2 protein chains.
Amino acid sequence: MKTALELLDEEGVERLTMRRLAERLGTGSTTLYWHVDTKNDVLDLVLDQLFAEVELPRKDPSDWRGTITALLDGWRAAMLRHPWSAALLGRPMLGPNVLARTEFLHAVLADAGFTPPHMTSAAYALANYVIGAALTQTAWQSRDGSDTYATANQHLHRQRDRYPVLNARGYMVQDDWDANFRRGVTYILDGIAAAKP
Amino acid sequence: MKTALELLDEEGVERLTMRRLAERLGTGSTTLYWHVDTKNDVLDLVLDQLFAEVELPRKDPSDWRGTITALLDGWRAAMLRHPWSAALLGRPMLGPNVLARTEFLHAVLADAGFTPPHMTSAAYALANYVIGAALTQTAWQSRDGSDTYATANQHLHRQRDRYPVLNARGYMVQDDWDANFRRGVTYILDGIAAAKP
DNA sequence: ACCTGAACACCGTTCAAGT
DNA sequence: ACCTGAACACCGTTCAAGT
């Protein structure tokens, strides 16, 4: 069922329609409603399926930072691999695969010696950072022609007295997403480490 | 135009339809297409309108951390005030109000002595954290009946041998969103400060 | 320069009916 | 237990036509 879903999603979110999905499965569109209550259920399923792709790194108790970094990298990579994931994020993530990864993250932090409230807040900060980062990156990259970038740069340059700092430092020019992401993780991990009891 | 928009959005995203919007404006649905090319344009406009609500704090050069914290708090508050904003985040944010806030954030960091690449990465980390945090919170809160929370807790407790850490530490039980968010900001700011040249 | 109506090609979902 | 067809109440968007 869900397996047939990803196939479909490899051609965009907006095209994910009950009718089209049914066609892909070689059945009538209304048949799906026997297996599923509503289209939202389908979206929940496919979202959790995405998280199944995020592999859990080996736990290395001597290097909790490395373990967490590996987890976050995989998480981000999975989301970037499926740009439509951004559109599905506005829903509670309660599927078994999501929960398994959340459990893992908390476990690593607990093993590293963290306790609530810092353990909770650390997981919260890391998860939300990954989500936000993947979301904005896919937003910039998925917009059809991908000339969004050039347009944005022009727009910004034309208004350079309105946005002096952004222009002076070449805000838009850089698109070193990976490096920026990695530095962000470092900031958060540094801050978390400093809060360790 | 956009002014009439927010009125409408106060009744949910899914109900934001060209036909309904036109009705609200006392005109035919197709009339809108003279003012706007596509529904996406409307969404872009309303998203930027949201950022207009985020007020820029007074710049206090002696307290860059306080200034940034104030900006992020306002940003987050605006998004939480309009839960539909989560659904609109999958698009590049290029409206004048968004850019003004981005400029502000970069300016504060520059004034504090940061230079690229850390200035860029710091802004990136902070922005993505806010976006992710607001997104997940609205996801949990907007789901209709709001008993999502109770259901989630039950579900988690029933599977307590599968998710021992989440249960042991009361992952779901807490919902102190504000405190968690604030701690996250502290982590990032600590990490950023440590990277200051 | 602005607004309208009719029309096209879609949607998600329900429901009685079939096997 | 599973699948189907017809039907309902919607969508975004186009386009010729009006003022």
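Predicted model, so just to flag it, every value in this text is computed and none were measured. Letters A, B, ... are given to chains in the order of the sequence lines, protein chains preceding strands, and every chain is numbered from 1.
In this structure, A:Tyr33 places its OH atom 17 Å from C1' of C:dA16, rounding to the nearest Å. We find that CZ of B:Arg15 is positioned 12 Å from C1' of D:dA9, with the value rounded to whole Å. One interatomic measurement links the two molecules: CD of B:Glu23 to P of C:dT4, which rounds to 13 Å at whole-angstrom precision. Going from atom NE2 of A:His35 over to atom P of D:dT4 covers 9 Å, rounded to whole Å. For the pair B:Trp34 CH2 and D:dG12 C1', the computed distance is 20 Å after rounding to whole Å. With rounding to whole Å, A:Leu43 atom CG is found 12 Å from C:dG12 atom C1'. Counting to the nearest Å, the P atom of C:dC3 and the CG atom of B:Leu21 are 13 Å from each other. In this structure, A:Leu32 places its CG atom 15 Å from C1' of D:dG5, rounding to the nearest Å.
Counting any heavy atom pair closer than 4.0 Å across all strands shown, A:Thr27 reaches sugar-phosphate atoms only and no base atom. When heavy atoms are screened at a 4.0 angstrom cut-off, A:Thr38 is found touching the sugar-phosphate backbone but no base atom.
Between the side chain of B:Thr17 and the base of D:dG12, no donor-acceptor pair of N or O atoms lies under 3.5 Å.
Looking at B:Thr102 and B:His106, their side chains come closer than 4.5 Å, going by heavy atoms from C-beta outward. Residues A:Asp48 and A:Met93 are not in side-chain contact: their nearest non-hydrogen atoms beyond the backbone lie 4.5 Å or more apart. A:Leu89 is not listed as a side-chain neighbour of B:Leu89, based on a closest heavy-atom distance of 4.5 Å or more.
Rounded to whole Å, the separation between the C1' atoms of D:dC3 and C:dA16 comes to 13 Å.
Toward the 5' end of DNA chain D, the nearer of the two residues A:Ser29 and B:Ser29, judged by each one's closest nucleotide, is A:Ser29.
In this model, the phosphate group of D:dT4 is approached by a side-chain N or O of A:Thr31 to a distance below 4.0 Å at OP1 or OP2. Of the side-chain N and O atoms in A:Arg20, one or more sit less than 4.0 angstrom from OP1 or OP2 of C:dC11.
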Return a table of donor-acceptor pairs under 3.5 angstrom between the side chains of residues 183-197 of chain A and protein atoms on other chains or two or more places apart.
{"residue": "A:Arg183", "atom": "NH1", "partner": "A:Asn180", "partner atom": "OD1", "Å": "3.1"}
{"residue": "A:Arg183", "atom": "NH1", "partner": "B:Ser121", "partner atom": "OG", "Å": "2.4"}
{"residue": "A:Thr186", "atom": "OG1", "partner": "A:Arg182", "partner atom": "O", "Å": "3.0"}
{"residue": "A:Tyr187", "atom": "OH", "partner": "B:His118", "partner atom": "ND1", "Å": "2.6"}
{"residue": "A:Asp190", "atom": "OD1", "partner": "A:Arg65", "partner atom": "NH1", "Å": "3.0"}
{"residue": "A:Asp190", "atom": "OD1", "partner": "A:Arg65", "partner atom": "NH2", "Å": "2.9"}
{"residue": "A:Lys196", "atom": "NZ", "partner": "A:Ala112", "partner atom": "O", "Å": "3.1"}

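Distance from the side chain of A:Arg19 is smallest for D:dA7 among the nucleotides C:dA7, D:dT14, D:dA7.
C:dA7 is paired with D:dT13 under the criterion used here, namely a Watson-Crick or G-U wobble arrangement in which both key atom distances are under 3.5 Å.
A search for salt bridge (charged side-chain N to carboxylate O under 4.0 Å, His left out) contacts involving A:Asp41 returns nothing, not counting sequence neighbours.
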